[in-house]
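Any value given below was found using the heavy atoms of this structure, including those in side chains, with hydrogens, waters and symmetry copies removed. Chain letters run A, B, ... following the sequence lines, proteins first, then strands; residues in each count from 1.
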Amino acid sequence: MIDAGTTAVLPVRDYDLAATLGCGQAFRWAQRDGAWEGVIDQRWVRLRSIERGIEATTAHAANDWNWLTDYLQTDLDLGSVLLTFPDDEPMRAAVAHCRGLRLLRQDPWECLASFILSSTKQIVQIQQIIALLCERFGEPLTTPPGAILTRAFPTAERLARASEVELRACKMGFRAPSLLAAARRIASRELDLDSLRHLDVNAAREALVSLRGVGNKIANCALLFAYGFQQAFPIDVWVMKALRQLYFPKRRPTPQRLLNFTSTHFGPNAGYAQQYLFHYMRTRHENPDEQR
DNA sequence: TGCCAGGGCTGGG
DNA sequence: CCCAGCCATGGC
């Protein structure tokens with residue numbers, strides 16, 4: 001017996017699905033025929049923006065949709081978050097450029113593993129590496145015919161049993177030992193990612209940074225995109241470019257001064273503001289006619 | 001072709 | 001504390 005699948009509408013406004021799913025916080029969303037296909041934990045799902053909100057279709061019969069509203073954060077009052085952003089020219093431009101961009105609430109292991117693979121890689125390449133990883137180590141899912149994504153993100157337990165050679169074959173290069181070591185520490189229960197939810201942001205960061213190949217940037221990505229610590233402020237080359245060009249066009253602040261600035265200037269939702277700057281810097285010169 | 005990409009680690013000033 | 005070099009790989 002095959003489940004018929006289910007469609008529901010999540011009522012929401014101020015939600016830019018394309019910006020949210022395509023801004024480089026998650027790496028497994030595929031756009032096709034005006035909809036977004038993805039996998040959330042063990043569930044295949046297709047999303048489409050409609051007038052009233054977001055139309056969601058799953059492959060299973062679904063009773064509740066909490067797993068999806070939690071992931072998409074549709075219940076968040078975005079307006080009240082935007083009000084906490086600094087009232088300066090760069091921030092106004094970034095918000096105007098990508099209004100409706102949301103932060104997701106991802107699975108900690110998938111998010112952490114994904115960003116371990118992200119270092120000095122372009123987003124397209126990160127997507128390719130993760131696609132290979134899922135294809136080779138992910139559990140098959142219930143999907144409709146013709147689905148692009150058919151497997152779950154690999155568990156830490158499964159990757160812990162892989163070899164470094166097998167991982168390198170997924171094109172991840174020098175990141176392979178880091179991913180393998182993280183998978184082993186988490187599979188062995190030496191590090192419990194779920195327990196970090198109950199810590200404050202600094203204690204949670206300290207735990208993440210104890211992993212080989214995880215520094216402040218990658219830890220902040222996991223804290224922001226999986227745990228919902230909205231003050232966590234990842235600084236990659238794009239955000240650094242935003243800070244230098246938009247906030248410090250003349251001086252060249254030391255890393256320590258920069259850290260001090262970002263932790264005070266952007267307020268309690270600094271990480272949220274950071275994602276607006278990131279997406280703004282990456283897309284502000286695109287010709288609107290070339291976006292599908 | 002050469003430069004760069006959602007970095008982190010190590011070893012030197 | 002700060003910085004350069006190194007680590008794979010592929011897009012542009």
Side-chain angles (χ1 to χ4, degrees), chain A residues 19-29 94 98 101-104 106 108 110-133 136 163-183 185 205-227 229-230 232-246 248 251-263 266 270-287 290:
Chain A
T20 299
L21 301 179
C23 72
Q25 58 177 323
F27 302 100
R28 294 198 71 201
W29 290 96
C98 38
L101 169 64
R102 305 278 186 136
L103 292 188
L104 301 169
Q106 301 179 52
E110 175 171 347
C111 186
L112 175 64
S114 296
F115 279 96
I116 286 175
L117 299 176
S118 76
S119 69
T120 55
K121 279 291 184 191
Q122 297 179 126
I123 289 175
V124 186
Q125 293 178 260
I126 303 168
Q127 291 168 337
Q128 290 167 352
I129 294 169
I130 291 174
L132 277 174
L133 195 67
R136 297 179 184 179
S163 70
E164 185 181 321
V165 171
E166 287 177 305
L167 294 183
R168 280 182 184 267
C170 297
K171 313 294 186 186
M172 66 183 72
F174 62 82
R175 304 155 195 84
S178 297
L179 180 63
L180 186 54
R185 270 192 66 190
R205 184 185 296 109
E206 192 177 345
L208 291 173
V209 169
S210 74
L211 293 164
R212 161 86 52 178
V214 179
N216 281 324
K217 192 273 171 183
I218 290 174
N220 282 332
C221 285
L223 293 170
L224 184 62
F225 302 139
Y227 292 96
F229 288 109
Q230 294 187 2
F233 198 96
I235 301 178
D236 76 316
V237 292
W238 288 98
V239 174
M240 183 65 81
K241 193 181 300 183
L243 293 172
R244 286 210 217 281
Q245 288 184 4
L246 306 179
F248 301 98
R251 302 182 282 124
R252 169 69 69 106
T254 66
Q256 192 53 241
R257 291 285 301 169
L258 213 50
L259 185 64
N260 192 30
F261 174 77
T262 57
S263 62
F266 293 99
Y272 227 104
Q274 170 276 153
Q275 197 61 17
Y276 274 78
L277 290 173
F278 175 77
H279 192 57
Y280 174 57
M281 292 302 287
R282 281 178 39 85
T283 59
R284 62 176 172 165
H285 293 135
E286 281 180 8
N287 182 349
E290 292 177 354

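- Distance CD1 (I116(A)) to P (dA5(B)): 21 Å, rounded to an integer number of Å.
- Between F115(A) and F27(A), the gap from one ring centroid to the other is short of 6.0 Å.
- Under the Watson-Crick or G-U wobble criterion, with both distances below 3.5 Å, dC12(C) is paired with dG2(B).
- Side-chain nitrogen and oxygen atoms of R175(A) include none within less than 4.0 Å of the OP1 or OP2 phosphate oxygen of dA8(C).
- Between M281(A) atom CE and M240(A) atom CE the span is 12.0 Å, to the nearest 0.5 Å.
- Residue T254(A) places at least one side-chain N or O under 4.0 Å from the OP1 or OP2 atom of dC2(C).
- Judged by distance alone, the side chains of R185(A) and S210(A) do bring a donor and an acceptor atom under 3.5 Å apart.
- If you take CZ of R282(A) and C1' of dG11(C), they are 12 Å apart, rounded to a whole angstrom.
- The side chain of F174(A) lies closest to dG7(B), out of dG7(B), dG6(B), dC2(C).
- Of all non-hydrogen atoms in L223(A) and A232(A), the two that sit nearest each other are CB-CB, 3.8 Å.
- dG6(B) and dC3(C) have their P atoms separated by 23 Å, given to the nearest Å.
- Rounded to a whole Å, the CH2 atom of W238(A) is 10 Å from the C1' atom of dC4(B).
- Checking dG10(C), dG6(B), dC2(C) against the side-chain heavy atoms of K171(A) singles out dG10(C) as nearest.
- Within the 4.0 angstrom heavy-atom criterion, only backbone atoms of the sugar-phosphate kind lie near G215(A); the bases stay farther away.
- Here, dC4(B) and dA4(C) have their P atoms 14 Å apart, quoted to the whole Å.
- A stacked arrangement is assigned to F278(A) and the six-membered base ring of dG6(B), with a centre-to-centre distance below 5.5 Å and an interplanar angle below 30°.
- As a whole-Å value, the separation of F225(A) CZ from dG6(B) C1' is 8 Å.
- D236(A) contributes atom CG, which lies 8.5 Å from atom CZ of R282(A) (distance to the nearest 0.5 angstrom).
- For Y272(A) and F266(A), the gap between ring centers reaches or exceeds 6.0 Å.
- Distance CD1/I116(A) to CG/L180(A): 10.5 Å, rounded to 0.5 Å.
- A donor N or O paired with an acceptor N or O is not found under 3.5 Å between the base of dG11(C) and the side-chain atoms of Q128(A).
- Protein atom CD of Q125(A) is 11 Å distant from nucleotide atom P of dT9(C), rounded to whole Å.
- Across all non-hydrogen atoms, the minimal contact from I235(A) to K217(A) is O-CG, 3.5 Å.
- For V237(A) and G213(A), each mapped to the nucleotide of DNA chain B holding its nearest heavy atom, the one lying further toward the 5' end belongs to V237(A).
- Distance, M240(A) CE to dC2(C) C1': 13 Å, rounded to whole Å.
- For the pair K121(A) NZ and dC7(C) C1', the computed distance is 11 Å after rounding to whole Å.
- Atom-to-atom, CD of Q127(A) to C1' of dA5(B) comes out at 13 Å; the value is rounded to the nearest Å.
- Heavy atoms of S118(A) sit under 4.0 angstrom from primed sugar atoms or phosphate atoms, though from no base atom.
- Between the side chain of Q275(A) and the base of dG6(B), at least one donor-acceptor pair of N or O atoms lies under 3.5 Å.
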Could you write out each protein N or O paired with an N or O of nucleotides 10-12 of chain B at a distance under 3.5 Å?
| from | atom 1 | to | atom 2 | distance (Å) |
| --- | --- | --- | --- | --- |
| dT10(B) | OP1 | R212(A) | NH1 | 3.3 |

